[in-house]
Structures are given as C-alpha cells and as structure tokens.
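One structure is given below, encoded as structure tokens.
What you see is a predicted model, and the numbers here were worked out from it, not measured in a lab. Side chains are part of it too, since the values below use all heavy atoms of this structure and drop only hydrogens, waters and symmetry mates. Letters A, B, ... are given to chains in the order of the sequence lines, protein chains preceding strands, and every chain is numbered from 1.
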2 protein chains.
Amino acid sequence: MKQSSTVEPISDAQKYVLETNRIGAIWQICFIANNFVFPVNAFFGKEYDISRVEFVILFVLSHRDGLMAWEICRMTNLPKNNVSRGANKLEQKGHIRRTGDPKDARRALLSLTETGWALFDEMIEHYMDRAQSILNLLDADDQRALDRITIKLSNALVAKNQD
Amino acid sequence: MKQSSTVEPISDAQKYVLETNRIGAIWQICFIANNFVFPVNAFFGKEYDISRVEFVILFVLSHRDGLMAWEICRMTNLPKNNVSRGANKLEQKGHIRRTGDPKDARRALLSLTETGWALFDEMIEHYMDRAQSILNLLDADDQRALDRITIKLSNALVAKNQD
DNA sequence: TCTGTCAAGTCCCGTTCGGGACTATAATGC
DNA sequence: GCATTATAGTCCCGAACGGGACTTGACAGA
C-alpha cells in the first residue's frame with residue numbers, strides 16, 4: 001500500500017484522529033455508521049433498486065404496520081418530502097399499500113404488501129449479515145455492552161426529542 | 001402531542017424498533033449518528049456557510065496537517081469528487097492552503113490557514129457542546145464504556161478496510 | 001356556519017451527491 | 001526511451017436531497 005509523503009500510513013492517522021478527537025464517541029459512531037450504511041445502500045440500490053429511504057420505510061413498517069408517513073418521519077428524522085417520495089415509489093412498485101382513514105381523508109396508513117414482506121425478508125438477511133460481520137469484530141461482552149448502551153442512549157434521545 | 005390512530009405514542013413504536021430490530025446495535029448507531037449530524041450540519045451551514053464535507057476536511061486537517069485529498073477520502077469514506085469540491089471551496093474561502101509537491105505535480109498537500117484554524121476552533125466548540133449534551137444522557141461509566149468500545153470497533157474497521 | 005388555524009402530504013426548485021469518464025503526471029517494464 | 005500501467009484530482013451529469021410554499025381536509029370557536 002502506497003503511503004503519503006508524511007511517511008505515515010493512513011491507518012495511523014485514522015487511529016490518531018479516533019483517539020484524540022475532541023468530540024469523543026460521537027465521531028466514532030458517525031464513522032461506524034458511515035462505514036456500514038454507504039456500502040449497503042450502494043448494494044441495495046443496484047441489487048434491489050431500493051433507495052436508503054425506501055429501505056428505512058420498509059424496515060420501520062416491518063416492526064409496526066399501519067403507520068402514517070409523519071410517524072415514520074418522527075421515528076427516523078427523515079424529512080417528510082423524502083418519506084413521501086419513498087412511500088410513493090414503494091407503492092408504485094407494489095411493496096406497500098395505502099389504506100385511507102375513513103374518519104380523516106388526509107391520513108393514509110401504510111402497510112407492507114405480500115411482495116413487500118418478501119422483499120424485506122430477503123433484504124434484511126443481507127443487512128443482518130453485514131451488520132453482524134462488523135459487530136463480530138468485537139468480542140461477545142463488548143457486543144452486549146454496546147447494544148445495551150446504544151439502546152439506552154437512543155431511548156434517551158427519543159425522550160429528549162419528544163418535547 | 002397528537003397521536004396516531006393506533007393510539008400508541010410514537011416513542012413507544014421507536015422503542016419497540018430499537019429493542020427488537022434484527023440488526024442490533026447498528027441500527028442504534030445509525031440512529032444516534034443521524035440525530036447528531038443532521039441538526040449540526042444544518043446549523044453550521046447557516047451559521048458558518050460550511051457544509052458537512054467541508055467540516056470533515058477541517059476536522060481531519062486539524063489533527064494531521066499536510067494530508068492529500070485521497071488520504072482524507074480513505075480516512076473518512078467520502079468519495080473523492082466530494083472531497084475535491086470541498087477542498088476547492090475551502091481554498092476559495094481561504095481556510096485551507098494547497099502546497100504542491102515539487103517531486104510530484106499530481107500531489108497537493110492540504111493544510112489549514114490561520115483563518116481556517118480560527119474558524120475550526122470556533123466551530124469545534126459548538127460541535128463539542130452538542131456532542132457532550134448527547135453523551136451526557138449516559139452516566140459516566142457508560143460514557144467511558146461507549147468510548148472504549150467504539151474506538152475498538154473503529155480501529156478494527158480501519159484494519160479491515162485496509163486490505 | 002363561517003372563519004381562522006392546524007395538520008398530513010405533495011410539489012417546486014435549487015443544492016448536494018456520487019459513479020464513472022477523463023486529464024495530467026509519475027512509475028514500471030521491456 | 002517508449003509503451004503500459006497506476007495514481008491524484010477534476011469534470012460531467014443524472015439522481016437524491018431538503019427547505020419551504022402550497023393543497024386539501026379537519027376542527028375549534030364565535
């Protein structure tokens with residue numbers, strides 16, 4: 001591997017940043033997230049013709065069916081026009097269904113169709129493999145601790161964002 | 001707060017996803033990263049007219065001066081055209097300087113200027129405040145554990161990507 | 001029942017993004 | 001020395017993104 005003119009390998013510079021940066025774990029978290037999300041999205045885009053936003057919608061609906069678009073926005077921090085577009089595309093492709101709320105014509109409850117479930121089940125396998133191959137770089141104790149702490153932090157963020 | 005027709009508050013659905021999702025800590029990590037990065041970028045864009053990529057370049061250069069664009073790409077997973085654009089804009093604004101390598105005309109070493117350092121010092125304060133306000137949702141032990149584990153995982157990813 | 005306000009979703013439009021082709025320079029092999 | 005390959009960086013262009021205006025429908029208050 002060719003090195004920079006500083007003679008120092010990149011991995012050393014990366015480690016230096018990781019270990020001395022002034023925003024601590026947040027930098028690492030963004031680094032890990034980017035390392036995971038970009039390749040996976042690129043793969044999904046090519047393999048399944050599903051964008052990041054579309055996958056997130058499928059993912060959320062696989063846990064709670066019958067959500068409205070704005071609920072998905074709140075749950076994921078995605079802007080509503082982005083979710084709107086994603087939901088429209090998924091509907092066009094037949095992966096989700098909109099059920100109008102008879103009591104409120106503005107509302108549309110989104111839910112996965114048969115083919116949507118089939119697609120999601122296939123995609124989530126790839127996703128899990130990739131996620132696990134990253135997490136397996138840690139030993140079992142650290143994996144458990146990471147899971148516990150990130151759930152705690154996420155829940156705290158949810159609560160914080162609520163008001 | 002208006003609730004969905006499912007009667008269930010969104011935060012409950014969010015918690016459910018967080019705790020039952022099949023990709024584990026990776027979902028949480030992406031969630032936390034997005035929760036942090038989006039608002040901060042929006043703020044920086046307005047307040048300092050600095051995009052995400054530009055800030056990342058400043059951030060990396062603040063740790064290791066005199067890097068080349070491709071090294072920043074490797075360190076951050078950003079595509080090279082994006083870094084190229086960011087570096088050009090930062091140069092136009094006078095925040096970084098390109099020093100041509102006399103031995104290799106293709107190479108240009110990037111380094112922060114005085115004004116670049118001044119800008120970065122100001123921005124990093126905001127960044128640290130935001131990061132800390134999120135991390136402080138955890139107790140001191142968990143903060144330490146999270147830092148330790150994410151550093152370990154990041155370093156492992158760096159090593160994995162190397163080959 | 002009219003009017004003002006709010007809420008869900010869509011549309012418009014300028015910006016950012018990123019894959020891949022391309023340019024320019026250096027290194028390598030014969 | 002010349003042809004080939006590799007490397008650093010830029011350019012082009014279509015796709016994705018997101019702020020904010022807009023549309024439509026619901027609802028509260030007088």
| field | Test ring pair (Phe, Tyr, Trp, His ring centres under 6.0 Å) applied to Phe38(B) - qualifying residues, sequence neighbours left out | value |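 For Phe38(B), no residue satisfies ring pair (Phe, Tyr, Trp, His ring centres under 6.0 Å) once neighbours in sequence are set aside.
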| said: Restricting to ring pair (Phe, Tyr, Trp, His ring centres under 6.0 Å), what partner residues turn up for Phe36(A), sequence neighbours left out? | reply: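 Scan of Phe36(A) (ring pair (Phe, Tyr, Trp, His ring centres under 6.0 Å), adjacent residues dropped) gives Tyr127(A).
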Judged by atom type as modelled, is there a donor-acceptor pair below 3.5 Å linking the side chain of [X] to the main-chain atoms of [Y]?
X: Asp147(B); Y: Gln143(B); answer: no
X: Asn21(B); Y: Leu18(B); answer: yes
X: Lys152(A); Y: Asp142(B); answer: no
X: Ser84(B); Y: Lys80(B); answer: no
X: Lys89(A); Y: Ser51(A); answer: no
X: Asp65(A); Y: Leu112(A); answer: yes

Where the side chain of [X] is defined as all heavy atoms beyond and including C-beta, which of [options] is the nearest nucleotide?
X: Arg98(A); options: dG9(C), dT16(C), dA26(C); value: dG9(C)
X: Phe38(A); options: dC17(D), dT7(D), dG18(C); value: dG18(C)
X: Asn82(B); options: dC17(C), dA26(C), dA16(D); value: dC17(C)
X: Ala108(A); options: dG9(C), dG9(D), dG18(D); value: dG9(C)

| task | Please tell me if the side chains of Arg98(A) and Leu110(A) come closer than 4.5 Å, counting only heavy atoms from C-beta onward. | result |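 Arg98(A) vs Leu110(A): side chains touch.
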| Under a 4.5 Å cut-off applied to non-hydrogen side-chain atoms, are Met75(A) and Leu67(A) in contact? |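 A side-chain contact exists here, since the closest heavy-atom pair is under 4.5 Å.
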To the nearest Å, how far apart are [X] [atom1] and [N] [atom2]?
X: Met68(B); N: dT10(D); atom1: CE; atom2: P; value: 13 Å
X: Ile57(A); N: dC17(D); atom1: CD1; atom2: P; value: 10 Å
X: Arg74(B); N: dT7(D); atom1: CZ; atom2: P; value: 11 Å
X: Glu91(A); N: dT10(C); atom1: CD; atom2: P; value: 9 Å
X: Leu67(B); N: dA8(D); atom1: CG; atom2: C1'; value: 14 Å

| query | Residues from residues 45-55 of chain A sitting under 4.0 Å of DNA chain D, heavy atoms only? | reply |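 Within residues 45-55 of chain A, the residues near DNA chain D are Arg52(A), Val53(A).
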| Once you build an axis from the first five pairs and another from the last five of the helix from dT1(C)-dA30(D) to dC30(C)-dG1(D), how far apart in angle are they, to 10 degrees? |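 Answer for the end axes of this duplex: 20°.
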Identify the pairs formed between an N or O of the protein and an N or O of nucleotides 11-13 of chain C at a distance under 3.5 Å, and give each distance.
none

| message | Show every ring-ring contact (aromatic ring centres under 6.0 Å, His included) that has at least one partner inside residues 9-34 of chain A, sequence neighbours left out. | response |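 Output for this query lists Trp27(A)-Phe59(B).
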